[in-house]
2 protein chains.
Amino acid sequence: MARTQGSKAEITGPLVRDAARRLFARHGFAAVSMRQIAAEVGLQVGALYTYTPDKQALLADLMHSHMEDLLAAWQDDPARPALERLERFLRFHIKTSLERPEAVFLSYMELRNLAPGNRRVIAELRRRYEDALEAILIAGEAQGTMSVPDSRLTTMALIAMLTGVTNWYREGGRLDQDRVVAIYWDLVRGAVGA
Amino acid sequence: MARTQGSKAEITGPLVRDAARRLFARHGFAAVSMRQIAAEVGLQVGALYTYTPDKQALLADLMHSHMEDLLAAWQDDPARPALERLERFLRFHIKTSLERPEAVFLSYMELRNLAPGNRRVIAELRRRYEDALEAILIAGEAQGTMSVPDSRLTTMALIAMLTGVTNWYREGGRLDQDRVVAIYWDLVRGAVGA
DNA sequence: GTCTATATATTGATAGAC
DNA sequence: GTCTATCAATATATAGAC
């Protein structure tokens, strides 16, 4: 028999995660209390522990599922020209960063507040994401369509540059998403000497 | 009469600030207790309050003095070619970031943990620093030596890219500072279409 | 200037009623 | 599944002795 539609657990669980993600991103993991999260959802503290064994697991879970989503959503095709792959990566990264800025910011910033075991796991996932970009730069260099003197440094530089979009972009601001992508693509294309 | 040389206050005060800077940068402001800071310096908690009225003021002071140092140290010459000014800015920014990574990281990340009044002050100083770079990009566009379709976005993108160096650079690692500067300069020069 | 001791508030987490 | 009540730990900050 199917699970009860609209059972409270299936509604409240995601709400708890949403609130935690938002608050952690805005104020930092350590600065947010379980009581604040509960209040944001309209619960009392005790009820949160139906949805997470503890605060640390809540953070780790948010970061973990974000990185898994990211890696699952990124589909590359090594057979295509490297420049085309790079543009797709850029568009993917900016799109994700603007759609889920809190999750991106969390996974980027809160590694230091993870327990060592959790940190290793997330660092490894992040590494795989970085490697996806680096593979494109290496291919571009090999194909002669890019000039990338140090693929590792360039990878880190480009990701830092693109992720920075979460620091200043405001919905409904001066630039819309397509325009942002277009400008970043100009910058990145130039940076890799294409 | 001159102040007593080597009085404890003149030694301990900076030590407190150093410890706080290091710990705040590593674990985040909210995650660090006054007890941890005291222990790092070899004091008991109460003694810290000789050097700061409270924890918030300690953070604000660290960020404030860093930004003031940064702005005082940056000397631009608008009469020089924009490309030359840009290279100097890049060298200055990377040099500072590698010499004082904790201060740079703090001022970049902990705005959110400042009380509103302090936040306004630091945000304004940061804005002035960003404007110093943007002025160079605008001059480059005007001189025809750079192609910068959106000077504000490019400013934010370049600063994010350069500041990212604190995330991965390790003293004694694969690349020394001059090599890092050289590679970043290739990236930046390309990005601004020079 | 630093210590010990302490006031007061808040934290993460648990127990048991409903 | 959520509440109320509570525990033990820890937080910032202050007071007064030395």
Side-chain angles (χ1 to χ4, degrees), chain A residues 1-24 26-63 106 110 112-118, chain B residues 1-21 23-24 26-63 110 112-118:
Chain A
M1 185 175 172
R3 298 260 274 289
T4 308
Q5 270 195 334
S7 88
K8 287 207 173 177
E10 283 170 15
I11 306 258
T12 309
L15 288 181
V16 168
R17 291 163 47 90
D18 289 348
R21 188 185 304 108
R22 185 167 50 248
L23 290 169
F24 289 165
R26 189 169 309 166
H27 307 290
F29 173 72
V32 175
S33 71
M34 294 297 270
R35 278 172 177 79
Q36 280 177 270
I37 299 171
E40 186 92 351
V41 187
L43 294 174
Q44 295 301 317
V45 215
L48 289 186
Y49 292 86
T50 308
Y51 303 101
T52 181
D54 54 39
K55 193 186 175 193
Q56 166 73 209
L58 186 52
L59 174 65
D61 183 47
L62 287 171
M63 294 176 69
L106 259 195
E110 293 289 1
R112 63 188 179 183
N113 280 308
L114 287 177
N118 290 331
Chain B
M1 183 173 171
R3 298 261 275 290
T4 309
Q5 269 196 336
S7 87
K8 286 208 174 176
E10 284 171 13
I11 306 257
T12 309
L15 288 181
V16 168
R17 291 162 47 89
D18 289 347
R21 189 185 303 110
L23 290 169
F24 289 165
R26 188 167 310 167
H27 307 290
F29 173 73
V32 174
S33 71
M34 294 298 269
R35 277 175 177 78
Q36 282 177 269
I37 299 171
E40 186 92 350
V41 186
L43 294 175
Q44 295 300 316
V45 215
L48 290 185
Y49 292 85
T50 308
Y51 303 101
T52 182
D54 54 38
K55 192 187 174 190
Q56 166 73 207
L58 186 52
L59 174 64
D61 183 47
L62 288 171
M63 293 176 70
E110 294 289 1
R112 63 187 179 183
N113 280 309
L114 287 176
N118 291 330

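These values consider heavy atoms only, across backbone and side chains, with no hydrogens, waters or symmetry-generated copies. Just so it is clear, the model here is predicted, and its values are computed rather than measured. The chains referred to below are lettered A, B, ... by the order of the sequence lines, with proteins before strands, and numbering in each begins at 1.
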### Message
Does atom CZ (A:R112) have a neighbourhood of more than 12 heavy atoms from anything else shown, all under 6.0 Å?
### Response
yes
## Note on the structure
Where DNA chain D forms runs of at least three Watson-Crick or G-U pairs (i with j, i+1 with j-1, under 3.5 Å), the stems are C:1-7 with D:12-18, C:9-18 with D:1-10
### Task
Identify, residue by residue, the members of residues 38-51 of chain B with a heavy atom below 4.0 Å from DNA chain D, and return them in order of residue number, or none.
B:G46, B:Y49
### Summary
Output for pair (B:D18 CG, B:I37 CD1), nearest 0.5 Å, gives 11.5 Å
### Query
Can you check whether A:R21 reaches A:R17 side chain to side chain, under 4.5 Å on heavy atoms?
yes
### Neighbours of DNA chain C within residues 30-37 of chain A, by heavy-atom distance under 4.0 Å
A:V32, A:S33, A:M34, A:R35
### Query
For B:E40 and B:A19, which heavy atoms make the closest approach, and how far apart are they?
CG-CB, 3.7 Å
#### Entry: Check: B:T52 and B:D61 side chains under 4.5 Å, non-hydrogen atoms
no
### Task
Check side-chain hydrogen bond (donor to acceptor under 3.5 Å, both in side chains) between A:Q56 and all other residues, then give those that pass, not counting sequence neighbours.
A:N118
#### Entry: Closest non-hydrogen atom pair, B:I11 against B:P14
O-CD, 3.3 Å
### Message
Taking the side chain as everything from C-beta on, heavy atoms only, tell me whether B:Y49 gets closer than 4.5 Å to B:M34.
### Response
yes
### First-last contacting nucleotides on DNA chain C - partner chain A, under 4.0 angstrom, heavy atom
C:dT11 to C:dT14
### Task
Side-chain contact test, heavy atoms from C-beta onward, threshold under 4.5 Å: evaluate it for A:L58 versus A:Y51 and give yes or no.
no
### Query
Can you find a heavy atom in the side chain of B:T12 that is under 4.5 Å from one in the side chain of B:L43?
yes
### Query
Tell me, which of residues 53-62 of chain B have any heavy atom that sits under 4.0 Å from an atom in DNA chain C?
none
### Message
For a 4.5 angstrom cut-off between non-hydrogen side-chain atoms, does A:F29 reach A:L106?
### Response
no
### A:L59 CG to A:E110 CD distance, which is reported to the nearest 0.5 Å
6.0 Å
